[in-house]
S.K.: 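I have a structure here, written as C-alpha cells, and I will follow up with some questions on it.
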Amino acid sequence: MKKIIVIFIIFLVNFIYCQNNVNDLPQNLINDAEGIILNQKETVNVISKDEVNGTYELEYAVLKNCNPDLNKLLIPYDKFSKIEKIEVQIKDKNGKILKTLKRKDFRDLGYDEFITDYRILTYTIYSPIVPLYVNFKYKYQQKQTFNLPKFRPILCESFSVLNSEFIINNYDTLNSIKIPENQWGKPKIEKLDKLIKYSYLVSNISTNETKKADLKNYKYTIRPFLTFFQMDGQDGNFSSWSSFGQWISNLNEGKDELDEKAKQEILSQVQSIDDNNLKIQKLYNYLQNKSRYVSIQLGIGGYQPFNAQYVHENSFGDCKALSNYMKAILSVIGINSYYVLIKAGDSKIELEDDFVQNVFNHAILAVPNGTDTIFLECTASNNIVGYQGSFTGNRKGLLIDGVNSRLIKTKKYGYEENLISNKYSIKINEEGESIINQTQLLKGIGIEYNNWLHFKSIPEKIFLDSLTKLGFNDIQDLKILSIQDFPQFIYPSKEIKFEYKSSRKIYKSGSRIFIDLDIENFPTEFNRTKLKEDNFFTIDPGYTILDEFEIPIPKNCILEKLPDNFEFKNDLGSVNFIGKKNNNIISINRKLVLKEGLYNHLPVNEIDNYFKQAINFKKVKISLICN
Amino acid sequence: MKQVFIILILNISIISDGFCQTYKFGKVSKELLEMKECPFENGAPAMFTISYGEYKSQFFKSEGFVQSFEIKKQIKVFDNKAKSVGTYEYYYYSPEKRSNETKIIKTKGIIYNLIDGNIIETKLPKENIYDEQLTDNLKKLTINFPKVTENSVLEFDIIIQSSIFYYNDWHIQEIFPIAINEFNIIYPDFFNLRFNTLGGIAPAEFNEKKRTETILFGNEKLDIDYKNNYFRFENVKSYQKESFCANESDYFAKIENQLISIKFPNGRFEAISTDYNTFTKKYLEYDNLGKILEQKDCIFESNNLLDTIKINKAKEIYKRYQTDIKWNEKKSITCDIKNKKLLKNGTGNIGEINLNYIACLNQNGIKSFPLLLSTRGNGTPHPFYPSPESFNYFVAISYIDGQYYFSDASSQLPFGYIPSNAINGKGWLLDNQFQQWIPLNNKFNGQKIQQSQITYQNNKLLYNIIEINKEYSAFNLLDILNKKGESELLKNLRSDKYNIDTIYIVKKDNISLKTNTIYSEQIKDETMILLNPFIDPPFKNNPFNANTRKANIDFPYLQSFSYVVFLELNENFDYETPENININAADDKLKFNYNANIDEANHKISITVQLKVLEQTFLAEQYEEIKKFFEDVVNKFNEPLVLKKK
C-alpha cells in the first residue's frame, strides 16, 4: 500500500493525578476490563500558525496480566517537532514506585519501511504485578500547524475509561480551530482573556462500550484543524476545499515540468496512435514499465511531489511523485489531468463539502473522459488502466485544480460489476485421475480476488506456489496457460486460463469416484465481512460468483448422485445451483450473489442462514459409480 | 552474527582481485544487456551475475586495526517484476554511542541500459543514498538506483569500515539466482576464524593463502602473518520456500564466519568460541551467565516451601516464578540481575528468569541445569563447533528421582513442558560435568480426541461433538483462554464455521481443554444423501502439495488424532460406509487407521479413525511417501457416507 504518511504528533503529559484505588472505582468500569484509563489529558496550546506546544499525560491501571499494546508507550516525532521532559512512573497498588523512566530509557527508532525523518520513541512495560499503575507524561513543541495533535479518548477496547480530557487553547484567536464531527460530540468552547479554549471530557466508559467501539474508525479520534496553518514556511488554509486545494497546487507548482528530451521520448510512445483513450493506456503502461514505487518522505516532501523531471530521470517515486509525473506525461500529449488526494485503504472517511480537513494518505490521478473520469493508480505496476479497486474506490477525494479544487467521488463497483466467473472443464478417467481446465474472468473488484494484482508482481514460481496454497484447495501441477487484460477503462477485466490436477478433489474410493466442487476458495472478503458482525454487519464490497462446470462421465462409469437443484434468496443476496446430465456430460451452473450494504436491521439468523447456504453452495459433491 | 569488540594495534595489507571470465564488475557487455533469460534458472526475473563479499583488516597508525567489509554486486534484470532490485538496503552494526567507530567509506553504483543499441551508463547519484540510524545499534544504508527497467544491469560497491570487529554470515544463495558468488576474507593469523558452509552447495573453488607483512609498531618492526580464504560458487539457483520446515535458515545456503579466538602478538589470548567443552567452561565462568547459577539468595527458601517431595517442590518453585515474574519478551540468554532484584522488578528476559530459577532449584536440592537451545527458525547449531549466536533461548532441565524434566519459567506452560517453538532438534546441557546434547524431538506430544454423535431428524443432521485437546494441541487454546478470556476463545473456535449452533467449554485444566459443539445441517429430501461424518478433520487440505522437497519435514511435536463417530439413522435408509483402510508410511512412523462398522439391526454406523505422527522429523527423501500418505488421509476424512432411501 502506498501512503503518504500523515504526521502524528501525539500525546503529552503534565502532572500526575492522585492515585486512584481500584476498589473505589465504579464496578461497571472494572468488570471484564483488562485495565482502566484513570486519567488521560492532553493540552494543546496553539500559539501561532507556526508554533504549538503541549503536554500529554496518561495514567492507567493494568488490572489483568495482559494487554501489551497499551503497555507500549509510543511518542512519534519528526523534524518539525521536539519532545521534552518524558517522565514515567510505574507503581504498585500501594502507590510504591517500582520504576521511573526518562527519555534515555526510551528506544529511539527510525521507520524501517521507507525513507523518512519520522521517528518513534518507544518503551514497553512488562510486569506481572496487578494492579499496576502507570503515569506517563511528556511535553512537546512543534513548528507547524498543518497537523495538530489528535486525541483518542479510548485507547484500546479492553481498557475502560474513567476520564479522558482533551483541551486546545488557541492563543491565535483570529485563527479558528475546526473539529470534525466525531463520536464525542461538540467541544465545550470558552472565550477567555487571551485565548479560546476548546475542551472534551469523556468519562465513565465501560468495556461493554469500548468493545463495541470501532476504534479504527476516524470518528473515535478527535482531530482538530487550525484554519490558517503553516508548514515548513508555507502558509495555507482550511477555509474551503478550494483554498486547501490551492495550497497543494502551490506546493505542486512547477513540479510537472519536463525537458524537451523527455517530452520527445513521451511523444514517441504514442506517435502512431490517434485515439485519446489508447494514448492514455499506452502512456500508463509506459509509466508502469518505466518506474517503480519508492517511498521517500522527508520534511514537507511528505506532502510535495518530486519534480516530474527527477522522476523521469530516476524512474522511481512515491504516490505523489508518480501521479505528478503521470500528469506531466499526459500534459505532453495535450491531455488534461488532475492530481487527486485521497484517503486510501479500508478505513473510509465521509468527507463533507462544508468541512475541510486533511485526512489524505495517498495521491492518484483523475483524467476527464467525456462525462466520466478515468482514475489512474500510478504506484501499481500491475493495474489495468482505469481500474479503481477497493483501495481508493467508492469515496471522496480532493481534486487539485488551484482555486477550482473540489471534492469528487471515485468509482464504485456494485455487486453485479464485481464478478468472479469460472468455467471448469473436468476430464476424468476411470481411475479417478483428472485434468481440470479453468477459465476465470474477473471484473470490478473481482480483479483483486486472491490478491491477483499483488501476485502478478512476484516471480512466477513463487506466484504459482502462493496461488496453489491460497487460491485453490488441494491442486497439483498448476499451469497458467494465459493471462489477458481487457482494459476497458472504467470497467476493465482480466481473464486467466489454468490447467491443473487434483487427486484430492476428484478421487476414487472403491468403485466410486467423488467429485468435490469446492475447488477454489471463497474470496477473502467473504471471511472479512463476517468478522465485522459483532459490531455492525456491513458487506462492502458485494460481488457475484458464477461457476460453470462441464464434466464428461468417464467410460464404464455412471452418474450416481448429482445434488438436486436449489435456490436461496434473502436480503443479503442469493444462492442458486442447477445441475443436469445430458449426453453423458454433467453440466452445473451455480451463482452466488452477495449484495453490498449495511444489514444491521437483519436478524442474526437471517445472516447466518445466508452464510450457511453459501457454504452449501461451495461444498457440493458428485458421485459416479464405475465398473 | 559474529562480533568482537577490539581495537587491534597491528597491520595488514590486502590484495583483492577480480572476478570471473564471464562477468566483470565495471564492465558490462551488450550481450549481457540483451540477455533475456537466466542461463541456469528458467523464469527468474533477475540474476546476480556477480555477488562478492570481502572482509579485510587494515592498520592505521592513529586507529590501530580496523576491519572493512566490501560488498559488490552486479545484477541483471530480466523482467519488470524485479525492478525492486533497484533499491538495495543494507543493515549494519553501528551503535549510536560509538557512531564514530563505523563509517561508510565507499558507496558507488552504476546502472547500464541499452538505448538505441548503445550502452548508456548512469552513475548512482549521491542524493539517492540514505544512511539512517534505525535502532540503538543498527544502521540502514539504502541506495536507490535510477532508470531501472527490464534488461538493465546495475552494480554497486559499498565499503563499510569499523574498529568493531563483526563478521556477518555470507549468503551463497539469494531470492534470485547467482551466476558467480565469491567470498574473500583476509585476517591476521592470530585470529582463529572458522568457516561453516551451510545449505549443501559446494564451492566451485576454494583456496587458502598465506602471506607475511612487516609493520612498524612504534619503533619496533613486527612480522604479521595473514590468511586469505577464498570461496567461489557458480550458478547458484534461487532459494524456494517449503512448508513444515523448522529451520529455513539451515537450507538458505550461506557461509558462517565464526571467530573462535584471538591470540595477540603480545601473548594475550582471548577465546571467543571453540569446542563445546571450552564453550561450556567459558559460559559458566561469565558473571552474567554461569555465575548466576552459583548464587545462594533464592527467594524461595526450602523452609518456606510446602512440599518436601522433590518433584512437588520443583513444581512449586516453578509456579512461584511463573506467578511473580513476567517475561519481557526479550530472548537474551544472559542475566544481569540476581533473584532479589528480579523479584523486585517483577520482569525479566529469558536469561534472567530461567538462570535465577535454575539457581533456586539447585539451592533447594533439585539438580538442574540450563539447556541452551535454538528456537525453530533460528537454525540448527553446529554439532561440534559452537557459535554463541546459534543459541537464542534456554530452558531448565532438572534431574529428579532418576528422570529428566524440562521447564521454562518464562512461559505459562505446566512444569515439564517447553514452548513448542523451542522444540527444535537438540539442546546443549550447560554443565562442566554433565555437558551433552539432549534430544528434544519426539519427547513432546499433542493429542486431539473427538467424539461425535450424529442424528438424523426431519431432514436435519445434528452433530453433537465432544472434543478434548491435550498437551501441545491444547496449549495455544489455553493460552488464548488465559490471556483473552472465554469469549475470545469461543470466537476463535467459531471462526469460519457458520454451521455451529452452540459451543461451550466443558472442562479445562492446565494441560487439556474439553469443548462441546453442536452443529446442524439442513439436508434435502433426496433419494441419496452424501453425509460428511467429519466436520472438523485434522487436516482440511494436504499440507504437502509441492512436487519436490529439499528441506527435511519437521512437525512441531508428535501428534495423535482419535475420532469416533456414532451415527444414528432409521429404517428408511440403506447405508454404505467407506472402505476401511490401514496405512503405515515412513517406516511406520505415520499411521492411519479408518474403521467403519454398520449395525444394521439398530440402524447405527460407527467410525473410528486414528492418525498418528510418531516422529517429528522426516527426511526430504521420504517426501513422496509422506505426501501420498497425507493425501490418502485427507481424502478419507473427506469421504462421505452414502445413505440411500429405501
Side-chain angles (χ1 to χ4, degrees), chain A residues 32 65-66 68 98-99 107-110 112 115 124 126-129 288-292 294 296 313-316 381 456-462 465 468-469 473-477 503-504 507 509-510 512 514 516 527 530-531 534 560-561 563-564 566 608 611-612 614-616 619 621 623, chain B residues 43-45 80-84 86-87 96 125 128 130 132-136 140 142 144 146-150 240-241 243 323-329 344-347 483-485 495-496 498-499 521-522 524 526 528 530 532 540-542 545-547 578-579 631 634-635 638-640 642:
Chain A
D32 297 327
N65 193 5
C66 47
L98 302 173
K99 198 160 200 162
R107 295 187 76 197
D108 187 354
L109 303 179
D112 194 12
I115 296 158
T124 306
Y126 297 96
S127 175
I129 298 168
Q288 289 178 308
N289 288 331
K290 180 179 166 63
S291 63
R292 71 182 196 275
V294 172
I296 302 170
E313 284 168 9
N314 281 276
S315 300
F316 64 75
S381 57
K456 205 182 157 195
S457 65
I458 58 179
E460 187 167 327
K461 219 169 179 179
I462 299 171
D465 278 354
T468 304
K469 280 178 204 153
N473 290 320
D474 282 318
I475 61 160
Q476 298 97 36
D477 301 340
S503 48
R504 243 293 296 126
Y507 58 100
S509 176
R512 278 199 176 84
F514 292 105
D516 290 359
N527 294 330
K530 183 70 180 167
L531 292 176
D534 287 349
E560 185 191 28
K561 163 78 179 174
D564 287 355
F566 67 87
D608 273 351
F611 282 96
K612 281 183 183 179
I615 284 179
N616 288 339
K619 68 174 196 181
K621 207 183 275 276
S623 74
Chain B
N80 259 331
K81 288 172 184 171
K83 274 192 298 190
S84 59
T87 298
E96 196 172 3
N128 290 13
Y130 307 87
E132 183 193 8
Q133 187 78 41
L134 199 61
T135 67
D136 300 346
K140 182 171 93 168
T142 307
N144 278 320
K147 301 181 191 300
V148 181
T149 184
E150 209 168 69
Q240 304 293 328
K241 267 178 174 272
S243 59
T323 311
D324 292 353
I325 297 149
K326 187 176 179 182
W327 178 38
N328 61 14
E329 292 174 28
K344 189 183 167 199
N345 288 354
T347 176
K483 285 184 179 159
K484 304 269 179 188
S495 70
D496 299 343
Y498 300 104
N499 290 330
E521 189 178 331
Q522 195 73 39
K524 288 184 190 62
E526 294 175 321
M528 181 175 162
L530 298 179
N532 175 19
K540 284 183 180 136
N541 309 110
N542 188 351
N545 220 3
N547 285 333
E579 198 179 328
E631 186 172 293
V634 175
N635 275 345
N638 197 45
E639 193 168 328
V642 177

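Letters go in sequence order (proteins before strands), and every chain restarts at 1.
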S.K.: Please rank A/Gly510, A/Pro563, A/Ser509 by heavy-atom pairs under 4.5 Å with chain B and give me the top one.
M.R.: A/Ser509
S.K.: With a 4.5 Å cut-off on heavy-atom pairs, point out which of B/Val148, B/Asn638, B/Asn532 contacts chain A the most.
M.R.: B/Asn638
S.K.: Does A/Lys290 have any salt bridge (Lys or Arg N to Asp or Glu O under 4.0 Å) partners at least two apart in sequence or in another chain, and if so, which?
M.R.: none
S.K.: Specify which of B/Pro640, B/Gly485, B/Pro125 makes the most heavy-atom pairs with chain A at under 4.5 Å.
M.R.: B/Pro640
S.K.: Could you tell me which portion of B/Glu96 (side chain, backbone, both or neither) has an atom closer than 4.5 angstrom to a non-hydrogen atom of chain A?
M.R.: neither
S.K.: Please classify the contact between B/Thr87 and chain A as side chain, backbone, both or neither, with a heavy-atom cut-off of under 4.5 Å.
M.R.: both
S.K.: Does the B/Gln133 side chain pair with the main chain of B/Asp136, one donor and one acceptor, at a distance under 3.5 Å?
M.R.: yes
S.K.: Heavy-atom distance under 4.5 Å to chain B: side chain of A/Glu560, backbone, both or neither?
M.R.: both
S.K.: Is the side chain of B/Asn144 donor-acceptor paired with the backbone N or O of B/Asn128 at a distance under 3.5 Å, no angle test?
M.R.: no
S.K.: B/Glu639 versus chain A, heavy atoms under 4.5 Å apart: side chain, backbone, both or neither?
M.R.: both
S.K.: With distance as the sole test, does A/Lys621 use its side chain to make a donor-acceptor pair with the main-chain N or O of B/Leu530 at under 3.5 Å?
M.R.: no
S.K.: Under the rule for side chain to side chain contact (heavy atoms under 4.5 Å, CB included), what residues qualify as partners of B/Thr149, not counting sequence neighbours?
M.R.: B/Asn80, B/Asn113, B/Ser152
S.K.: Look at the side chain of B/Lys83 and the backbone N and O of A/Ser291, then say whether any donor-acceptor pair between them is shorter than 3.5 Å.
M.R.: yes
